[in-house]
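Just so you know, these numbers come straight off a predicted model, no measurement behind them.
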Amino acid sequence: MGAAIRSGKVNPQMLAKRLGELPGLEIESQCLTQTFETLDRTKQELLVKLHVFGTAKFELAAAAFVLGEKSMNEDTPIVFETKINLIYLKSRHFVEADDLSRKETEDIKTSSKTTKFSLHPLVHRFLIQEASKKEFEKVVYEAKCLFIDHVEKKNSKIFESFEKNCVKAWALLKDFKVHLKTYYDLIEKNSVEFWKMKKGTRSILTCKRISEVADLFLEDYYKYKLLKKYIEHSKARGESLETALWQIHLGRKYFENDRNEIAEKMVNAILHDTLRNVNPDDDNLGPLVEVVGALFYLAGKLCYEERRYLEAMQYLEETKQLWANGLDKDMRKKYKIDLALVYNSLGKVYANLTPPNIQKSKYNHLKAFFIAYRISDNFNNIDIPLYIQNIGRCLYREGLELEKRKEKGTANQCFRDAETYYRQAMKLFRHLKMEKFDSFAEVQRSLAFVEMKLGEMGLAEDDIVKSHELR
């Protein structure tokens, strides 16, 4: 049963409700109460703090962070005291330990990096009751704050790994998903007073990464609710820049769901209301540059969708300047992948101007590709095949222009180059296991048009049929 809950196959809240209806559980609760009362006060507080993990498995380092064992080096936390405490709590049957790497005949080593700890559902249910008592109010508040900080730091590391290798990052996210859901529940359920009291502030980059990781697996309804909660909390704390960023991401969500009117209203509200309340720090303009860049990027994408290409170009060029030149060196590195997205959007804009500027379009798509290629590990970035496809599209359009000017030899060379780029894009989509996606079908369809220009009618017919089957 515990394993089913930890894997997400059983809803712990529903199970707890059903368990509460069973008559025999009062005995178990009494046994837990008696054992809990034999612990000294320090151990009771430690155990109550652990309830924030729910029934999900957690590592020794995560427990050390939430239990408040400090470290000068976050990558190699000091866990000695936490290890001793968890061994003791395991001996009293409050904490379970599991090491999937060990052989059946071997004992579990609690110091092993592969060892995971967890709370049995009945123990967790008991600890929730204890945590609601007035005497544990302070330690529970501390544990929640530290758990939130831990998840947000881990969230940022996972997002960084997505930029380099999305395949490995998906595996990390899968292992961390249960803790993220617990974190989202805390965001939704904790009162505004809780957030007013919480010490420390999030960086703009941390907020951005929280939103972007949530985009990967939260359904739209929950993402809307989550962003509105973040806006409410940041307003209560008087964090105007943070509020603006959450509003930008909410506007982006409306934009992604074709609710452009609402998104545009939000952009105007941020420009004329939220950002007016910002008092920038003259010694540190970086956070303001991050937020204004994100706002201009959203405004540029909105203008592009509404075919106001000159306005889109102005907004996106401003974004490029802000993120490429307005940030300090360390922060500029962290915005490289976002800069690639800006170059890619600029490439689309230049291709749709009247008259189209295909050379500038191709230049921007190439810039986007080279930035993402330098950051990624062996092309394992989900956007790279799209950038390659866009370069191929530019070459195809260049070939059409040359064909109109009766330069058939040069035009055919452009078509052959476009074919090479399209095939490379398809190869990468397959490598990333995205061959069932619409984007793959779109590349296959584009490839068919190039093949027709090269007289490869049989191949073109096959690709058209396959692309229609996918869609």
Side-chain angles (χ1 to χ4, degrees), residues 163-164 166 297 300-301 304 309 312-313 316-317 319-320 323-324 336-405 407-432 434-435 437-454 456 459-460 463-464 466-467 470:
E163 296 175 353
K164 295 176 183 176
C166 60
Y297 180 57
K301 294 198 79 171
Y304 175 80
Y309 298 122
M313 181 182 71
L316 291 169
E317 288 287 0
T319 307
K320 185 178 79 174
W323 284 347
K336 281 285 187 184
I337 208 73
D338 299 277
L339 204 54
L341 292 169
V342 176
Y343 275 113
N344 186 57
S345 297
L346 272 170
K348 291 179 181 179
V349 169
Y350 280 116
N352 283 281
L353 291 175
T354 307
N357 192 330
I358 301 301
Q359 292 305 316
K360 267 202 169 184
S361 175
K362 186 166 68 172
Y363 167 79
N364 280 285
H365 288 310
L366 280 164
K367 280 286 286 186
F369 166 73
F370 282 122
I371 290 170
Y373 165 70
R374 289 188 188 108
I375 294 169
S376 69
D377 174 18
N378 195 28
F379 294 95
N380 282 308
N381 180 294
I382 204 165
D383 292 316
I384 286 179
L386 296 173
Y387 300 155
I388 293 173
Q389 175 193 353
N390 287 334
I391 297 166
R393 189 177 284 127
C394 288
L395 286 162
Y396 174 69
R397 290 186 65 176
E398 197 177 335
L400 292 177
E401 289 297 318
L402 289 164
E403 199 175 46
K404 285 178 187 176
R405 299 203 297 263
E407 297 178 30
K408 192 155 181 70
T410 316
N412 280 342
Q413 185 58 52
C414 283
F415 293 139
R416 277 193 287 272
D417 290 342
E419 181 185 27
T420 302
Y421 275 98
Y422 285 144
R423 290 197 186 281
Q424 285 299 322
M426 289 170 67
K427 186 177 177 181
L428 279 175
F429 275 129
R430 290 191 187 99
H431 170 68
L432 296 170
M434 293 174 65
E435 61 266 36
F437 285 50
D438 275 354
S439 44
F440 183 86
E442 190 182 336
V443 183
Q444 203 159 28
R445 182 172 170 273
S446 299
L447 177 61
F449 284 107
V450 171
E451 287 166 339
M452 281 191 277
K453 286 292 180 185
L454 293 170
E456 299 166 348
L459 291 173
D463 285 323
I464 284 285
K466 286 174 184 176
S467 69
L470 276 175

- Note on the structure: In short, Leu346 meets Met313 closest at the heavy-atom pair CD2-O, 4.1 Å
- Taking ring-ring contact (aromatic ring centres under 6.0 Å, His included) as the test, write out the residues that go with Phe449, two or more places apart. none
- Nearest atoms (heavy-atom pairs only) where Ser361 meets Cys394: OG-SG, 3.2 Å
- Query: Taking side chain as C-beta onward, heavy atoms only, is Tyr297 less than 4.5 Å from Leu341?
  - Reply: yes
- Nearest heavy-atom pair of Ala425 and Gln389: which atoms, and what distance? CB-N, 4.1 Å
- Message: Do Leu316 and Val349 make a side-chain contact, defined as non-hydrogen atoms from C-beta onward lying under 4.5 Å apart?
- Response: yes
- Query: For Glu407, which residues count as a salt bridge (Lys or Arg N to Asp or Glu O under 4.0 Å) partner, sequence neighbours excluded?
  - Reply: Arg405
- Item | More than 12 heavy atoms from other groups under 6.0 Å of OH on Tyr373 | no
- Task: Could you tell me whether the side chain of Phe369 reaches within less than 4.5 Å of the side chain of Asn390, counting heavy atoms only?
- Result: no
- Task: With salt bridge (Lys or Arg N to Asp or Glu O under 4.0 Å) as the test, would you mind laying out the steps for Arg423 and Glu451 before giving the verdict?
- Result: CA-CA 11 Å; Arg423 290 197 186 281; Glu451 287 166 339; 2.7 Å; yes
- Query: Where does the angle between the aromatic ring planes of Phe440 and Phe429 fall among parallel (under 30°), tilted (30 to 60°) and perpendicular (over 60°)?
  - Reply: perpendicular
- Message: Can you tell me how far apart SG (Cys414) and CD (Glu419) are? Round to the nearest 0.5 Å.
- Response: 13.0 Å
- Work out which heavy atom in Gln444 is nearest to a heavy atom in Ser467; give both atom names and the distance. OE1-N, 3.8 Å
- Task: Using the test side chain to side chain contact (heavy atoms under 4.5 Å, CB included), find all partners of Arg416 that sit at least two apart in sequence or belong to another chain.
- Result: Asn412, Gln413, Leu454
- Looking at side-chain heavy atoms only, is the closest gap between His431 and Phe379 below 4.5 Å? no
- Item | Ion pair Arg397/Glu401, N-O distance below 4.0 Å | no
- Note on the structure: Ala368 and Asn344 have their tightest heavy-atom pair at CB-N, 3.8 Å
- Item | Passing option when Pro356 is tested against Ile358, Leu353, Thr354 for side chain to side chain contact (heavy atoms under 4.5 Å, CB included) | Ile358
- Task: Identify, with sequence neighbours excluded, every residue that meets side chain to side chain contact (heavy atoms under 4.5 Å, CB included) alongside Ile337.
- Result: Glu163, Ala372, Ile375, Asn381
- Atom NZ of Lys367 and atom CD1 of Ile391: how far apart are they, to the nearest 0.5 Å? 12.5 Å
- Item | Partners meeting side chain to side chain contact (heavy atoms under 4.5 Å, CB included) with Lys453 (sequence neighbours left out) | Tyr396, Leu400, Glu403, Phe415
- Item | CE on Met426 to CD1 on Ile388, rounded to 0.5 Å | 13.0 Å
- Message: Considering only residues two or more places apart or on different chains, which pairs with a residue in residues 368-394 satisfy salt bridge (Lys or Arg N to Asp or Glu O under 4.0 Å)?
- Response: Arg393-Glu442
- Atom pair CD/CG of Glu456 and Leu447 - distance to nearest 0.5 Å: 8.5 Å
- Task: Drop me the distance from Leu395's CG to Tyr422's OH, to the nearest 0.5 angstrom.
- Result: 8.5 Å
- Query: Got a second to check how far Asn364's CG is from Lys348's NZ, nearest 0.5 Å?
  - Reply: 12.5 Å
